[in-house]
Amino acid sequence: MSAVTTQETATEAAHETAPPPAPPGRQARLRRFGYRPAPRAGLRERLVPPYPRPSRRPAALFGFSPRAAERLAAWSAWGGPLLVALVAGLLRFWQLGSPHAVIFDETYYAKDAWSLWQFGYEGTWEDGANERILSGAGDVGLSLDPSYVVHPPVGKWIIGLGEVMWGLNPFGWRFMTAVLGTLSVLMLCRIGRRLFRSTALGCLAGGLLAVDGLHFVMSRTALLDLVLMFWVLAAFGCLLVDRDTARARLAAALPPDPDREGGASPDAYVAEGVKLGVRPWRIAAGVCLGLAFATKWNGLVVLAAFGVLAVLWDMGSRRAAGAGRPFAAMLRRDALPAFLSTVPVALLTYVVSWTGWFATDRGYHRDWARTEGAGQGATWLPDAVRSLWHYETQVYDFHVGLTDGHTYESNPWSWLVLGRPVSYFYESPDKGEAGCTAADGCAREVLALGTPLLWWAGCAAVLYVLYRWLLRRDWRAGAILCGIAAGYLPWFQYQERTIFYFYAVVFVPFLCLAVTMMLGALAGPPGVTERRRLVGVVASGVLVLLVVWNFVYFWPVYTGETIPLDAWRQRMWLDTWI
């Protein structure tokens, strides 16, 4: 045997008998809490992570056969979200017509919605119209004279659809917001499932949204913000599906990996040069964002934020596929198609939403270009478009100049901690009135207040997803933060303007996703010890049960139930809630 062979044999033996190298200090500390580094997945799996096969153990505990357990797991992908949405719908439609009153800004949107379906534009209502409507009188006091309104028409068209089906009454004008509120819970379950690759976590996110007080109240009130939230969430879901679809196309174009069956090898030429073709889900996102913008103007900020998010996802996809210059590849192959499939589509959707106004000659400022504005501005544009542009500039001036004080206005700094909720309806019935049996009198209130324990946990969850995004480069955390930031941060530049806490309903679904991500981390990643898993699941379960209890506790002030005055005071945890 040669000296070289002897040396190699000795070296191999030394490697076999030597103890494994100690893990770095940071990993060693993390291992004490159950951390196990995830095995490196193949390139195809990294581009489009598969849904893990659900465990059969829960089904086996109830006596199901392995085949039945498999079917149950497959059913749960849609069955679980549908069950959560059913519960959310039952809660939202329960006594939807109560209180039988025009509450808060329903006095604008419920009546404007009815007018749109009657005339195609917002007419003028006589004094005392609310009382006539609630009494069921035939003449509700609506005239053909156009009225000046400051929000686009989509949200009012949607609210009015419920009035067409059920009549001009509280149930009718709240019907469609309850429908959209229920559907948004279903969407969030499916979005959470796709985002986290877990049906359980998806259903948890939807369940948290179902028991959030602000989302619940807004689902039972004819205001525009719930409609805006619905289209923003729908757009996010479309972009999420588009991300998976585009990455699957990219993975399919890569050369196979000779060392891994069904795998793919990174290839700079393919990653930088492949065209991803028509992307219908991105066009659908553009339509949804246009409908959001055509409900309230702050949808335009979401359009910009989601547009940036989409192209950053494209850049990340090409980097993962092996692109040496992923940013340049994204600019060359993805930026222009992404712009064309979202921004022009959204703007066209916005203009089409004004069809009722275009189709009539009586809408507010409809003939401005032919009268006061004759010869002004871009005269090469059609008169109707010039008139709409003039109308929109006036609306913008109104919004930025709205500084009138209001009892329930609040600063956005206070929103996450529930500093100043909005009371939509309040009555103080005496004993013997409205079902009051308390000697000291009672209270009835509809308070737009998020479930406190959920929102306060959400403050910690936002910090957690920020950590996951900045320090762990978790794209899911970045997506959640984008949704929160797009719905929340723009209001900080209008702190002199009269703004309200209920505007926050737009980012409530993303707050629920953040809490879900935090609870998933608390329950523990795959591969942790049974003890660590048990402790994490119990801790997460306790927090979820406390949130549900908190929602039930505040149910009377979400629904306008008659309760003793002392019971109402007990629910006013902060002085600023009164």
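Note that the structure is a prediction, hence the values are computed from the model and not measured.
The environment of OH in Y108 is sparse: at most 12 heavy-atom neighbours from other residues, nucleotides or ligands sit within 6.0 Å.
Side chains of P509 and L513 form no contact here, defined as non-hydrogen atoms less than 4.5 Å apart. In this structure, the side chains of P152 and T295 stay at 4.5 Å or more apart for every pair of heavy atoms. Using a 4.5 Å heavy-atom threshold, the side chains of L208 and L204 count as touching. L180 is not listed as a side-chain neighbour of S219, based on a closest heavy-atom distance of 4.5 Å or more. At least one side-chain heavy atom of R46 sits less than 4.5 Å from a side-chain heavy atom of L43. With a 4.5 Å cut-off on side-chain heavy atoms, V385 and V351 do not count as touching. In this structure the side chain of V227 never reaches within 4.5 angstrom of the side chain of Y109, judged on heavy atoms. Two residues are said to be in side-chain contact when any heavy atoms from C-beta on lie closer than 4.5 Å; R194 and Y51 meet this criterion.
T221 contributes no side-chain N or O that, together with a main-chain N or O of M218, makes up a donor-acceptor pair within less than 3.5 Å. Formation of a donor-acceptor pair under 3.5 Å by the R190 side chain with backbone atoms of P81 is not found in this model. Within the 3.5 Å criterion, the main-chain N or O of L522 finds no donor-acceptor partner in the side chain of S540. Between the S76 side chain and the G79 main chain, no donor and acceptor come within less than 3.5 Å of each other. Judged by distance alone, the side chain of W469 and the main-chain N or O of W475 form no donor-acceptor pair under 3.5 Å. Of the possible donor and acceptor atoms, none in the side chain of S353 sits under 3.5 Å from a partner among the backbone N and O of A294. When atom types are taken as modelled, the side chain of R533 and the backbone of G524 share a donor-acceptor pair closer than 3.5 angstrom.
Ring geometry for F306 against F510 counts as perpendicular: the plane angle is over 60°, on a 0 to 90° scale with 30° as the lower cut.
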Exercise answer: donor-acceptor pairs, residues 268-278 side-chain atoms, under 3.5 Å, sequence neighbours excluded:
unit_1	atom_1	unit_2	atom_2	d
E272	OE2	G324	N	2.8
E272	OE2	R325	N	3.1

Cut-off 3.5 Å, no hydrogens considered: what does the side-chain donor-acceptor table look like for residues 454-466, sequence neighbours left out?
unit_1	atom_1	unit_2	atom_2	d
W455	NE1	D212	OD1	2.7
W456	NE1	V417	O	3.3

| task | Determine, step by step, whether E106 and W173 satisfy the side-chain hydrogen bond (donor to acceptor under 3.5 Å, both in side chains) criterion, reporting the C-alpha distance in whole Å, the side-chain angles of both residues, the deciding distance to 0.1 Å, and the verdict. | result | CA-CA 8 Å; E106 285 184 342; W173 62 64; 3.1 Å; yes
| message | Checking M165 against F175 for the side chain to side chain contact (heavy atoms under 4.5 Å, CB included) test, could you report, in this order, the C-alpha distance in whole Å, the side-chain angles of both residues, the deciding distance, and whether it holds? | response | CA-CA 9 Å; M165 291 188 288; F175 177 80; 3.3 Å; yes
| request: Show your working on side-chain hydrogen bond (donor to acceptor under 3.5 Å, both in side chains) between R92 and T182 and close with a plain yes or no. | output: CA-CA 7 Å; R92 279 150 180 76; T182 303; 5.1 Å; no
| task | Check the pair M176, I159 against side chain to side chain contact (heavy atoms under 4.5 Å, CB included), reporting the backbone distance first and the verdict last. | result | CA-CA 6 Å; M176 286 306 299; I159 291 170; 5.6 Å; no
| said: Using the rule given for side-chain hydrogen bond (donor to acceptor under 3.5 Å, both in side chains), can you reason through W297 versus Y350, listing the C-alpha separation, both sets of side-chain angles and the distance that settles it, and then say yes or no? | reply: CA-CA 10 Å; W297 276 7; Y350 180 86; 3.1 Å; yes
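Under the salt bridge (charged side-chain N to carboxylate O under 4.0 Å, His left out) criterion, D474 pairs with R468, R476, not counting sequence neighbours. By the salt bridge (charged side-chain N to carboxylate O under 4.0 Å, His left out) test, E122 pairs with K156, sequence neighbours left out. Listed by chain and residue number, D242, D314 satisfy the salt bridge (charged side-chain N to carboxylate O under 4.0 Å, His left out) test with R279 (two or more places apart in sequence, or in another chain). Legend: residues meeting side-chain hydrogen bond (donor to acceptor under 3.5 Å, both in side chains) with Q118, ordered by chain and number and at least two apart, are absent.
Centroid-to-centroid, the aromatic rings of F551 and F216 come within less than 6.0 Å. Checked against the 6.0 Å centroid criterion, the rings of Y121 and W357 do not qualify as a close aromatic pair. Ring centroid separation for the pair Y391 and W368 does not come in under the 6.0 Å cut-off. The distance between the ring centers of W413 and F492 falls below 6.0 angstrom.
Judged by distance alone, the side chains of S317 and R247 do bring a donor and an acceptor atom under 3.5 Å apart. Residues S341 and R282 bring no donor and acceptor atom of their side chains to less than 3.5 Å of each other. Of the N and O atoms on the side chains of R220 and H215, not one donor lies less than 3.5 Å from an acceptor on the other residue.
Test I158, L289, V506 against W231 for side chain to side chain contact (heavy atoms under 4.5 Å, CB included) and you get one pass: I158.
Rounded to the nearest 0.5 Å, atoms CG (L183) and CG (L233) are 10.5 Å apart. In this structure, the separation between CG on L224 and CZ on F502 is 9.0 Å, given to the nearest 0.5 Å. The distance from atom CG of L347 to atom CG of L303, rounded to the nearest 0.5 Å, is 7.0 Å.
In terms of heavy-atom proximity, L223 sits nearest to T177 at O-CG2, 4.0 Å.
For the pair R319 and F327, the cation does not sit on the ring face, since its NZ or CZ is not both under 6.0 Å from the ring centre and inside 45° of the axis.
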